[in-house]
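Small disclaimer: the values here were computed from a predicted structure and weren't measured. Values reported hereafter were calculated over all heavy atoms of this structure, with side chains retained and with hydrogens, waters and symmetry mates removed.
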Amino acid sequence: MRRGRAARIAAALALTALTVGSAGAPALASGPALSGAGSTWSAIALAQWTADVARQGLSVNYQSVGSSAGRQFFIENQVDFAASEIPFYPNELAQIRGEHKSFQYLPDVAGGTSLMYNLTDATGARVTDLQLSAPTAGGIFTGAITNWDDPRIAADNGGRPFPDQPIIPVIRSDGSGTSAQFSLYLATKEPQMWAAFASKNGIPDASTSYWPNFPGSVAQKGSDGVANFVANSTVGPGAIGYVEYGYATQRGFPVALLRNASGNYTLPTSQNVATALTHATLNPDLTQNLGGVYDAPEANAYAMSSYSYLITETTGFDPAKGAVLGQFIIYFACQGQQEAALLGYSPLPPNLVEDDFEAVERIPGAPTPPQPPLTRENCNNPTMPTGPGGSTGGSPTPTGSGPTPTNGGPTPTSTGPGTGPTGTGTGPTPTSTAGGKGHGGGNGPATSPSAGATGGATYGASPPPSPVHTLSASQQAVKLKAAAHTVATTTPDSSLPLVIAAVAVLALFFGPLVWQRRRSGPRDTVGPGGGAPRSG
């Protein structure tokens with residue numbers, strides 16, 4: 001009997017050891033969990049992609065706290081990667097150098113910063129075809145234009161009258177890459193207006209992550225906060241805010257058609273963004289130069305188009321985490337871009353995907369990405385050629401009709417939300433300035449993982465075609481909230497799961513012994529001093 005019980009105890013302890021050994025990783029997870037934080041501009045895409053790779057066994061959590069907070073979290077080693085629409089500021093670079101921390105930028109998604117609004121006309125019908133030029137948009141967001149019946153708005157719309165209603169400009173209350181993108185556009189296109197606004201509010205005459213509060217404006221945290229305020233039926237009427245296009249499409253609200261260099265008013269559709277970004281150039285550190293984008297001459301170009309960056313380390317990074325991060329980047333650079341247009345973004349073109357893959361090679365422990373020439377067969381991105389000598393998909397060609405003004409103003413050439421890749425063009429091909437490739441940022445030298453790095457040498461090399469399962473707005477909100485909670489509360493080295501596992505297994509084995517003893521009733525025992533048996 002005792003030997004039997006000893007065997008059961010030994011089995012229990014052995015099972016406990018097995019349970020403890022597997023308690024450190026989520027079920028089906030491949031490698032350690034990653035945490036990232038930053039941009040809300042790109043958060044819709046990142047939420048989708050982290051959900052996608054979770055089905056492949058990779059655990060990547062992303063917290064959309066704003067670009068400025070994300071960069072700071074990265075500097076302070078609170079996250080494994082950051083996302084931002086703007087590079088580090090000089091004071092942040094000084095912090096990084098003080099930490100002896102390496103970094104690099106790599107593009108993750110392209111899109112258009114849009115002006116989402118909530119406006120009805122004199123009949124009570126929602127306005128869906130508002131047109132704005134850079135001077136008018138700048139006037140609204142610097143406090144120079146305060147009412148929807150302003151003649152400058154009417155002039156942008158062919159003389160069409162708008163109601164006598166106060167404008168509520170909705171700005172970001174937190175440090176934001178979206179604010180930086182919009183302010184850079186205004187500083188470039190309307191330098192005198194922006195310089196006066198900057199001087200009045202005590203900010204540098206350049207792009208800013210922190211939009212100054214001005215009379216009549218309302219500040220909201222995050223792109224969701226801005227979009228929710230504008231869409232709110234109680235406080236939103238008369239409001240206009242700046243967000244990435246996907247936030248407006250999620251809520252079924254219109255965005256302004258923005259006048260481009262050709263004089264046309266266009267929407268930030270995938271095709272229009274891709275067209276404008278053919279004029280982007282890259283600086284040596286792979287940051288973007290958007291001067292040519294703002295003045296793109298094509299009739300359909302959307303002027304306020306840009307990229308978002310992922311920021312990763314190049315040295316001193318845990319190779320096990322590098323294996324997961326590399327797989328994540330390879331996924332979103334290829335298969336993940338199939339979802340870009342559906343989410344309100346534009347797919348990365350081949351040259352930027354190549355930049356991503358070169359960045360992957362500088363991450364310790366990352367797998368070897370697909371090598372050029374890139375095609376749909378080895379990188380299932382809609383802008384890739386279908387094979388050797390095959391035609392490229394270009395950018396997804398939308399099929400829905402966009403708003404058509406009836407006020408006699410310039411006819412927009414944009415189209416509605418896209419349904420999938422169908423084009424035969426070559427897609428956007430920004431020209432990169434010399435010296436940009438092969439260099440990590442920061443103080444650490446760029447390094448490439450050795451042959452046979454962990455994570456699978458050919459992960460993502462031949463991704464099979466798969467249907468796109470995009471998250472709904474509510475699913476994205478739930479996922480982002482869960483990611484924020486995970487980043488804030490996870491303690492990787494905690495022994496609590498091990499203790500719980502051990503207690504549970506021991507209870508499983510010892511519980512029946514205790515129960516059997518209690519059920520067996522009175523039993524014979526030897527009394528004190530070895531006397532006669534007594535009743536228990």
Side-chain angles (χ1 to χ4, degrees), residues 24-26 29 31-51 53-54 58-89 91-93 95-109 174-178 209 221-223 308-329 331-332 356 359-360 362-366 440-444 476 479-494:
L34 295 185
S35 63
S39 166
T40 63
W41 189 91
S42 59
I44 295 174
L46 288 168
Q48 178 67 50
W49 295 334
T50 58
V53 298
L58 301 178
S59 179
V60 182
N61 297 308
Y62 182 73
Q63 188 178 8
S64 58
V65 294
S67 292
S68 296
R71 295 193 307 276
Q72 195 62 41
F73 284 178
F74 180 82
I75 293 171
E76 296 173 356
N77 299 306
Q78 296 184 40
V79 293
D80 300 308
F81 66 89
S84 177
E85 280 69 66
I86 50 177
F88 290 110
Y89 286 117
N91 64 308
E92 295 172 330
L93 290 174
Q95 286 182 279
I96 289 179
R97 294 188 182 103
E99 293 281 341
H100 303 287
K101 186 180 179 73
S102 66
F103 71 93
Q104 64 177 345
Y105 306 107
L106 57 119
D108 54 12
V109 71
D174 54 329
S176 162
T178 319
S209 295
K221 184 177 181 179
S223 295
S308 177
Y309 308 117
L310 222 63
I311 304 173
T312 75
E313 291 187 74
T314 58
T315 60
F317 193 62
D318 178 1
K321 287 189 172 183
V324 177
L325 182 56
Q327 292 176 70
F328 179 55
I329 294 169
Y331 173 79
F332 74 60
D356 280 349
V360 168
R362 294 190 288 268
I363 298 174
N443 296 290
Q476 290 168 1
K479 182 166 180 59
L480 290 172
K481 183 177 180 180
H485 177 76
T486 300
V487 172
T489 61
T490 297
T491 306
D493 296 329
S494 172

Review point. Quick check: does any side chain N or O of S102 sit under 3.5 Å from a backbone N or O of T315, one acting as donor and the other as acceptor?
Key: yes

Check your understanding: With a 4.5 Å heavy-atom cut-off, do T312 and R362 have their side chains touching?
Key -> no

Exercise for review: Please name the pair of heavy atoms, one in T40 and one in G222, separated by the smallest distance, quoted to 0.1 Å.
Suggested key: CG2-CA, 4.2 Å

Check your understanding: What's the spacing between T178 OG1 and I86 CD1 if we round to 0.5 Å?
Key -> 9.5 Å

Point to revise | Modelled atom types, side-chain donor and acceptor of Q104 and T314, under 3.5 Å | key: no

Review point. Can you find a heavy atom in the side chain of L93 that is under 4.5 Å from one in the side chain of F103?
Key: yes

Practice item. Please name the pair of heavy atoms, one in S209 and one in Y89, separated by the smallest distance, quoted to 0.1 Å. Key: OG-OH, 3.1 Å

Practice item. Could you tell me which residues satisfy side chain to side chain contact (heavy atoms under 4.5 Å, CB included) with D356, sequence neighbours excluded, listed by chain and number? Key: L106, P107, I329, F332, A333, L348

Review point. So, do Y309 and P87 sit near enough that their side-chain heavy atoms are less than 4.5 Å apart?
Key: yes

Check your understanding: Are the side chain of Y62 and the backbone of G38 linked by a donor-acceptor contact shorter than 3.5 Å?
Key -> yes

Study note, to complete from the structure: Shortest non-hydrogen pair, A83 vs L310, comes out as CB-CD1, 4.2 Å

Revision key, fill the gap. CZ of F81 to CG of L34, rounded to nearest 0.5 Å, is 6.5 Å

Check your understanding: Are any of the side-chain heavy atoms of Q327 and V53 separated by less than 4.5 Å?
Key -> no

Practice item. Please tell me if the side chains of V324 and P32 come closer than 4.5 Å, counting only heavy atoms from C-beta onward. Key: yes

Point to revise | Interatomic distance, Q72 atom CD to S67 atom OG [nearest 0.5 angstrom] | key: 13.0 Å

Review point. Hey, what do you get for CG (D174) to OG (S223), rounding to the nearest 0.5 Å?
Key: 8.0 Å

**Study point:** From CH2 (W49) to CG (D108), nearest 0.5 Å
**Key:** 5.5 Å

Practice item. Establish, for the pair K101 and F74, whether the NZ or CZ atom is under 6.0 angstrom from the six-membered ring centre and no further than 45 degrees off its axis. Key: yes

Check your understanding: Side-chain contact, heavy-atom cut-off 4.5 Å: Y331 with L58?
Key -> no

Study note, to complete from the structure: Tightest non-hydrogen contact, residues S39 and S308, listed as OG-OG, 4.3 Å

Check your understanding: Any donor and acceptor pair, going by atom type alone, linking the side chain of D80 with main-chain N or O of G36 inside 3.5 Å?
Key -> no

Review point. Heavy atoms, side chains only, cut-off 4.5 Å: are E99 and N77 in contact?
Key: yes

Review point. Within a strict 4.5 Å, meaning less than it, do heavy atoms of the E85 and S42 side chains meet?
Key: yes

Study note, to complete from the structure: One should read off an interatomic distance between S68 OG and F88 CZ, to the nearest 0.5 angstrom, of 11.0 Å

